[in-house]
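Worksheet for the structure shown next.
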There are 2 protein chains.
Amino acid sequence: MKNSEGSQALLEEAASKLRQAGYKLTRPRRVIMEWFYRKQEHATPHQVHAAVKDFGVGLTSVYRNLELLAQVGILRQVCFHDGYQRYEPVLPGDHHHHLICSGCGKVVKFFNCDLDKLEEQLAAETGYVVDRHMLQVFGYCRRCQKDR
Amino acid sequence: MKNSEGSQALLEEAASKLRQAGYKLTRPRRVIMEWFYRKQEHATPHQVHAAVKDFGVGLTSVYRNLELLAQVGILRQVCFHDGYQRYEPVLPGDHHHHLICSGCGKVVKFFNCDLDKLEEQLAAETGYVVDRHMLQVFGYCRRCQKDR
DNA sequence: GGTCTAACTGAAATTTGATTTCAATTAGAC
DNA sequence: GTCTAATTGAAATCAAATTTCAGTTAGACC
Ligand SMILES: [Mn+2]
Ligand SMILES: [Mn+2]
Ligand SMILES: [Zn+2]
Ligand SMILES: [Zn+2]
C-alpha cells in the first residue's frame with residue numbers, strides 16, 4: 001500500500017513536470033514511468049522495451065522518451081561501462097551511486113559519496129557551473145573472488 | 001628533452017609489461033603507445049586510428065590493441081558519456097578525473113578526488129574487493145554559460 | 001644468420017545499439 | 001466536437017564495435 005501510494009504520488013509529480021515543460025502525457029510515457037516507479041531500478045532501453053512492448057510501445061518511443069524523461073528530470077542516465085545506456089527513476093532525496101562487480105555485473109547501491117565540497121572547489125577553480133557528477137566503483141563480489 | 005626521455009622510459013616500461021604478460025611487441029602496438037606517450041591525452045579509437053593509419057595500422061588493430069593495452073595496464077579506459085569509448089595513457093603517480101562541459105565537451109582534469117576511504121568502507125560493508133573507480137563531473141564552462 | 005609456429009595483422013563482412021525518416025495517430029487546447 | 005502540432009511505430013539508416021579469415025610477423029629455438 002505504501003508502495004502503490006508512493007508510485008501514484010510520483011506519477012502525478014512526474015505528469016506535472018511533463019506538463020510544465022510543455023510535453024504531453026502520452027500513453028507510452030505513462031507506461032514507461034509507471035514501470036520505472038514500480039520497479040525502482042535501472043534498466044537499458046531494450047529491457048524497458050521488453051517490459052512495455054505488450055502495451056503497444058515501440059522501441060523507438062522507448063529511446064525517445066527515456067531521453068526526454070531524463071531531460072525533464074524524471075529519469076536519470078546511469079552508466080556501468082559495459083556499452084549499454086541505462087536509466088533509473090529519480091526518487092526524491094535519493095542520491096546514490098553503484099558498486100559494480102567486474103566479474104558478473106552484480107550491482108550494489110551506496111549513498112555516501114560526499115562530493116559536494118569537491119564540486120564547489122572545482123567550480124571556484126575553473127569557473128564552470130557544476131551540475132552533477134557520476135561515480136562508479138568497480139571490484140569483485142564474494143562469489144567472483146572465489147572463481148579466480 | 002625531458003619529454004622525449006620520459007616518453008622513452010615509459011615505452012620501455014610498457015614493452016616490459018607486454019612481455020611479462022606474454023604478448024608480442026608488434027609494430028601497431030608500438031606506434032599506438034608512442035602516439036599516446038607523445039600526446040599524453042585521452043582519445044577515441046577513431047581518433048587514434050586517424051593518427052596511426054599512415055603507419056599502416058588498421059582500425060581493427062586499434063580496437064583490439066586499445067583493449068589489450070588497457071588490460072595490461074598501459075592504457076586506461078575513460079568515459080565522457082557521449083557514446084564513444086576513450087582511452088588515455090597510464091602515467092606513473094597520475095590519478096585524475098575529468099570535469100566535462102555539457103555544452104561544448106571541453107574537458108578539465110582534476111586530481112583531488114579523495115575516494116580512498118569510501119573504497120575501503122565499501123569493501124568492508126559489501127565484501128567486494130574494490131579495484132578502482134571512475135568519476136565524471138559535469139557542468140558548463142564559462143563560454144557555454146554565456147550562450148544560454 | 002635461418003627455420004618454425006603461434007600470435008598477430010588488415011580488409012571485409014557482420015552485428016547491433018541507437019537514430020532518422022515519414023505517414024498515421026492522438027493529446028489537449030479551443 | 002474540431003483542429004493541429006506533438007507524438008507515435010515501423011522501416012530504413014547510421015555508425016561504432018566485433019567477428020571472420022587468409023596472410024604476415026615477432027621472437028623462440030637452433
Ligand atoms: Mn541505481
Ligand atoms: Mn585524462
Ligand atoms: Zn560478481
Ligand atoms: Zn563549454
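Naming convention: chains lettered A, B, ... in sequence-line order (proteins, then strands); numbering from 1 in each chain.
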How many Å lie between [atom1] on [X] and [atom2] on [N], as a whole number?
X: Lys53(A); N: dA10(D); atom1: NZ; atom2: P; answer: 12 Å
X: His49(B); N: dA17(D); atom1: NE2; atom2: C1'; answer: 14 Å
X: Tyr23(A); N: dT8(D); atom1: OH; atom2: P; answer: 12 Å
X: Arg27(A); N: dT8(D); atom1: CZ; atom2: C1'; answer: 11 Å
X: Arg64(A); N: dT20(C); atom1: CZ; atom2: C1'; answer: 9 Å
X: Leu18(B); N: dG27(D); atom1: CG; atom2: C1'; answer: 14 Å
X: Leu68(B); N: dT18(D); atom1: CG; atom2: C1'; answer: 16 Å
X: Arg19(A); N: dA29(C); atom1: CZ; atom2: P; answer: 9 Å

Given side chains that start at C-beta, do those of Met33(A) and Leu25(A) come closer than 4.5 Å, heavy atoms only?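 Yes, at least one pair of side-chain atoms sits under 4.5 Å.
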Mind checking whether Val137(B) and Ile100(B) have side chains closer than 4.5 Å, heavy atoms only?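 No, every pair of side-chain atoms sits at 4.5 Å or beyond.
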Taking only side-chain N and O atoms of Asn65(A), does any of them lie within less than 4.0 angstrom of OP1 or OP2 on dT8(D)?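 Yes, within the criterion.
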Taking only N and O in the side chain of Arg29(B), is any of them less than 4.0 Å away from OP1 or OP2 of dT9(C)?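 Checking Arg29(B) against dT9(C): at least one side-chain N or O falls below 4.0 Å of OP1 or OP2.
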In a check of side chain to side chain contact (heavy atoms under 4.5 Å, CB included) between His97(B) and each of His133(B), Met134(B), Gln136(B), which one passes?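 Output: one option passes, namely His133(B).
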Heavy-atom contacts, protein to nucleotides 13-19 of chain C, under 4.0 Å, summarised as B (base), S (sugar-phosphate only) or - (none) per nt, yield ----SBB
Do Glu125(A) and Gln121(A) meet the criterion of a side-chain donor-acceptor pair at a distance under 3.5 Å?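 Side chains of Glu125(A) and Gln121(A): pair found under 3.5 Å.
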Donor-acceptor side-chain pairing of His42(A) and His98(A) below 3.5 angstrom: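 Result is no, nothing qualifies.
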Choosing from dT7(D), dT9(C), dG27(D), which nucleotide comes nearest the side chain of Lys24(A)?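 Ranking dT7(D), dT9(C), dG27(D) by closest atom to the Lys24(A) side chain puts dT7(D) first.
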With a 3.5 Å distance limit and no angle check, can you tell me whether Arg29(A) reaches the backbone of Lys24(A) through a side-chain donor-acceptor pair?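 Between the backbone of Lys24(A) and the side chain of Arg29(A) there is a qualifying donor-acceptor contact (under 3.5 Å).
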How are the rings of His46(A) and Tyr63(A) set to each other: parallel, tilted or perpendicular (split at 30° and 60°)?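 Judged by the thresholds at 30° and 60°, the geometry between His46(A) and Tyr63(A) is perpendicular.
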